[in-house]
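Below: the structure, in structure tokens.
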Amino acid sequence: MLDILLASLLSPVVLAFALGALAVAVKSDLEIPAPLYRALSIYLLLAIGLKGGTALSETPLGEVVWPVVGTVGLGMLTPITAYAVLRRLGKMDRTNAAALAAHYGSVSAVTFIAAVTVAAFAGVPSEGFMPALVALLEVPAIIVGLLIAYARGERAGSWQDAMKEVVTGQSIVLLLGGMAIGWIAGKEGMAPVEPFFVGGFQGALTLFLLEMGMAAARRLRDLRSVGVFLVAFGIVMPLLHGALGVWVGGLTGLSVGGAAVLGAMVASASYIAAPAAVRVGLPEANLAYYLTASLGITFPFNLTVGIPIYLALAQYLGG
Amino acid sequence: MLDILLASLLSPVVLAFALGALAVAVKSDLEIPAPLYRALSIYLLLAIGLKGGTALSETPLGEVVWPVVGTVGLGMLTPITAYAVLRRLGKMDRTNAAALAAHYGSVSAVTFIAAVTVAAFAGVPSEGFMPALVALLEVPAIIVGLLIAYARGERAGSWQDAMKEVVTGQSIVLLLGGMAIGWIAGKEGMAPVEPFFVGGFQGALTLFLLEMGMAAARRLRDLRSVGVFLVAFGIVMPLLHGALGVWVGGLTGLSVGGAAVLGAMVASASYIAAPAAVRVGLPEANLAYYLTASLGITFPFNLTVGIPIYLALAQYLGG
Amino acid sequence: MLDILLASLLSPVVLAFALGALAVAVKSDLEIPAPLYRALSIYLLLAIGLKGGTALSETPLGEVVWPVVGTVGLGMLTPITAYAVLRRLGKMDRTNAAALAAHYGSVSAVTFIAAVTVAAFAGVPSEGFMPALVALLEVPAIIVGLLIAYARGERAGSWQDAMKEVVTGQSIVLLLGGMAIGWIAGKEGMAPVEPFFVGGFQGALTLFLLEMGMAAARRLRDLRSVGVFLVAFGIVMPLLHGALGVWVGGLTGLSVGGAAVLGAMVASASYIAAPAAVRVGLPEANLAYYLTASLGITFPFNLTVGIPIYLALAQYLGG
Amino acid sequence: MQTVPYRLVTIVAESTVRDRLLSAIHRLGATGHTMSEVRGEGTRGGMQGATWERPSVKIETIVTVDVAEQIANHVAENYFRHHSVIVYLQDVEVLRGSKYAPQNEEA
Amino acid sequence: MQTVPYRLVTIVAESTVRDRLLSAIHRLGATGHTMSEVRGEGTRGGMQGATWERPSVKIETIVTVDVAEQIANHVAENYFRHHSVIVYLQDVEVLRGSKYAPQNEEA
Amino acid sequence: MQTVPYRLVTIVAESTVRDRLLSAIHRLGATGHTMSEVRGEGTRGGMQGATWERPSVKIETIVTVDVAEQIANHVAENYFRHHSVIVYLQDVEVLRGSKYAPQNEEA
Ligand SMILES: Nc1ncnc2c1ncn2[C@@H]1O[C@H](COP(=O)(O)O)[C@@H](O)[C@H]1O
Ligand SMILES: Nc1ncnc2c1ncn2[C@@H]1O[C@H](COP(=O)(O)O)[C@@H](O)[C@H]1O
Ligand SMILES: Nc1ncnc2c1ncn2[C@@H]1O[C@H](COP(=O)(O)O)[C@@H](O)[C@H]1O
Ligand code: NA
Ligand code: NA
Ligand code: NA
């Protein structure tokens, strides 16, 4: 466990995240041009999709069915658990609780990638089709989260627009689209684009996390405004969801690595797809709450401490 | 033939094009940042040039002479054939006919690349110096197209500016410049930059075609305004020019693959160099016509159906 | 010597620089989007840092101590020599002399990279930890340069802001940050990001130099305004500093390649970090002077003729 | 040079509402618009310019006086409460005035 | 603060005419300009903002009243017919007025 | 629609002074700002737009009349001499006027 924790903490990807945070702390004039950041995020999402689709094209359907069912189930359950915790323990108003629920039910693609890398490094690689699960986990949670809010009276936002935002959002289009391409083209057809999409992946991710570190650090400036409870929530909720994910992963027949990665996925909170949808569907929710919690607290927590924990748990349960 | 058609239809590059079109169709918020798109186009043009120049540095002049002559000839002939068709059959006014002639005489770099890939896949690789022909085919056609217009009375644009635009345009500078660099540095000198310019090429192309698909789909919205004839023209003209190109390719001693690629080049219509030059030289021409035809109709047609046809024809004639 | 001069002159990197300059000369509409340029510069600086850090993690401290001492010493000495020359021979006012001193004391990362490449090509590779010296050479020179100015009366700029600019500037953060990451992650940890940061390096550099060539050529338009002396200064000063650097390199135990690279570093003039700091600390200095000299004259000189000379000198002294 | 007085309506908004705003202003009678990416900071804090997501957008449209008023009111009613949006109006003199009037009736 | 009244001329144009416009406005007496990339839509449709080519450009220049008029007329005569170009004028108060007058004669 | 008269202060500056300008305008009472990247050319020549470094920046802030005056004076005193900076003022009508007044006292 410790060696894995160390290895993940000392990987270039995590160190780049730290460097980005540091740059903000020392008020460096370092700035990642927005187009570069957007280019990297398009590249990463498409690459994940392609990888998953290629793997899927070589996986017997049977192997995938149960994990899929489990993932969709988790996507519908976790926003509810998050909502309950926020309302009961956090005494948070409905709108903001629902907004946060959508975020913590959904998934962070980068946390997923990091988990895949760590699991592989730990010698327990995850299933190749895991990216398919990312797409499946992302959508339902956001819908359920918004449903909770809309089920409770007048809303300032537009339900249709929010739904459209969810299902036609950039991350879904690139993930599913990439998967379709990879699945149709197959391993052989993908060979020529491998150097670009596979070879360059980890490096591009490092650059991406440099910016993530800066964004997270900027978020932390709002920390005061979000209060102690939300900070605790941003750390404890992932642990609970993570454990749940690992356990379900095992049940549905995922390997130890697969279960660990699923745990990390469930534990993670969305900071791209969910905010976009919530801005449209629940504009009255306080943006500082959900962005600071998901991007400023939960993401760094999972990236550094969380993932190794989920992995250890998966090894304990599955070993 | 069928297997090649399938293979090219199911290549990541073509699928990415389809994904881009789909994203526009479902009104996704996916947006390729303009700087990324421009960066990719600079990279691709330079990479083509480098590749061609390196190959050229190892090709005896004799092998190149006739293909060069043939290409320049086609560059001067095809705008005239296109103009004739548009005037006679299409009853189109002179200005717009000339503008379209410039586009259909010139060449689309991406169609060229796709053709090279398909030919290689089909086991009949094209000559390494083909990129040199792209540069040679691009310029004359645009000049001839504009000449036709200027030969017929007063023009709103500036002939000098248009010529300057043609010969100092980004695509020519990068293609010729890249060729010069590759030719001077030679195979050995190019080795250190190969991973970047050769290894990453197909992947970058895939990303580029994602945007091309979006641009083409956006163009199709103007389809109504261009009329049935232009749609037919956008499909039939390439077939005629393509056959001509394949035939000339064979005559001038190109291999089967080379002839097929030359066919695709001649069949293709420019949507970057030509529009820029025409905007300057023939501003009074209707932009919706030439952009929709070249980008919305001819490009997708060649990319999917055209190239395999030209290849089959080349194999039939050359085999 | 000649073959090396030729080899460096005919390398894709230098040729791309020439192409960029040519594009400006012919008034091409070629434009490298600013975000691409910034992305490349972030990538290159981070990549240099990572490379240096990884090497450092495998170098016994003893080997590094003396080169470090020598480099810092040169960083503090060369701005003074430059200042003296500008005041005595150039009769230049204090402000502009100090500004130029800061530039010529500091270092150009790209010149450094080019030197490393040429040395490796010449069969005398430089030490892996050289990038560490770049970071060490960059900072002190700028500080000394500004000190000279501030030691002489009222200044329009802010000393604190200038210092902050120097030590938290993008290039330092990326160089040092990258080194820290590479040093902590070590060779093994860096393996997954190698294809991106090592494989792609030379190619990215080529693209970067295309823009450098354009920027340098644009600068040359101000040539008239800077006068003959500054042109001579931009060529002679590097030769003196270069010789000094090669000599100190040898003294401090660097290999022939290392001494040559150190010479190129000392000979080079900063055109990114220094201008930024000088703009803040010495806004009254004439920007056309220091930018034209460092970017328009000294950089091209070192890139083409300078580096081979320093290498030859190193071989002569060290061989 | 005979110029025509028109109104320049400028809207700065978070990217999430861009498309809805665009269709609204055209529905209300704008014949065109010019858009650029901006980074902003206001009472809601500057998050919407954060690079982790799309930058904010500045939409400028030249319209007749009453169309301007309708657009401003539409924005105020629908976006002021919950979104990062501001709108302001200025007088401009344009050439080719008919261009900016709905159904191109000469203004 | 004593400010001087000047005119702000704003031109939004397709990228293909950018350089010709810039040299024209400077020839007509502008002492400087500020330029930004924009995406627009107008009566000619929004093609010129399509990312397959360079985005449109917005050129702003602060000039004296009569230079403003000359620039506006130049644009109208040379570009309105066939190009995607608009131009509009506004009053601005500037500090350092001399800066914006041709041959720097104090305005 | 009842709009409130305010002042739009526009500053175009080389990137090196961006952050100092931003903190200054907020210290002087601006409640927000909108920023975009521009490329410019002026009496000092167009270097600050050269792509080898950060592009210039255009900062727009809507403020009360006297805050506008203070900002303009601050810029003139501190930046005109040595930096590539210009500032100009315009009248604007805004909705939600209170938003732009320091301490939100209704203007
Ligand atoms: N006083 C102001 N001056 C200029 N722009 C402003 C001002 N206040 C707000 N903005 C812009 O409007 C956006 C939304 O403002 P807000 O709703 O206050 O967060 C900000 O991101 C800024 O771009
Ligand atoms: N009513 C308008 N308001 C603001 N910008 C406009 C308007 N009409 C046109 N434009 C801008 O001017 C460019 C050319 O307009 P057009 O010639 O009508 O296509 C468009 O791309 C827009 O950027
Ligand atoms: N007459 C003008 N009209 C519009 N913008 C200007 C003008 N003069 C200067 N600028 C802008 O202000 C910046 C600094 O001007 P300067 O200090 O004259 O170099 C330039 O880069 C331009 O962006
Ligand atoms: Na989750
Ligand atoms: Na053609
Ligand atoms: Na130096």
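These numbers come from a predicted model, not from an experiment.
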Residue pair B/T59 / B/E127, side-chain donor-acceptor N/O under 3.5 Å:
no

Under 4.5 Å from any heavy atom of chain C, what part of B/E194 do you find: side chain, backbone, both or neither?
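Neither part, no heavy atoms under 4.5 Å.
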
Less than 4.5 Å to any heavy atom of chain C: does that hold for the side chain of B/I181, its backbone, both, or neither?
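The answer is both parts of B/I181.
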
Can you tell me which portion of [X] sits under 4.5 Å from chain B's heavy atoms? Options are side chain, backbone, both or neither.
X	result
C/A16	both
C/L36	side chain
C/L22	neither
C/P12	both

To the nearest 0.5 Å, what is the distance between OG on C/S8 and CG on C/D3?
10.0 Å

Evaluate the ring planes of C/Y43 and C/F196, with Trp represented by its six-membered ring, and classify them as parallel (under 30°), tilted (30 to 60°) or perpendicular (over 60°).
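Plane angle over 60°, so perpendicular.
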
In terms of the angle between their ring planes, are C/F299 and C/Y271 parallel, tilted or perpendicular, with boundaries placed at 30° and 60°?
perpendicular

When only pairs under 4.5 Å are counted, which of C/A7, C/G203, C/G200, C/A18 shares the most heavy-atom pairs with chain B?
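The option with the most such pairs is C/G203.
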
Other residues, nucleotides and ligands only: do more than 12 of their heavy atoms fall within 6.0 Å of OH on B/Y150?
yes

C/S268 side chain to C/S108 backbone, donor-acceptor under 3.5 Å
yes

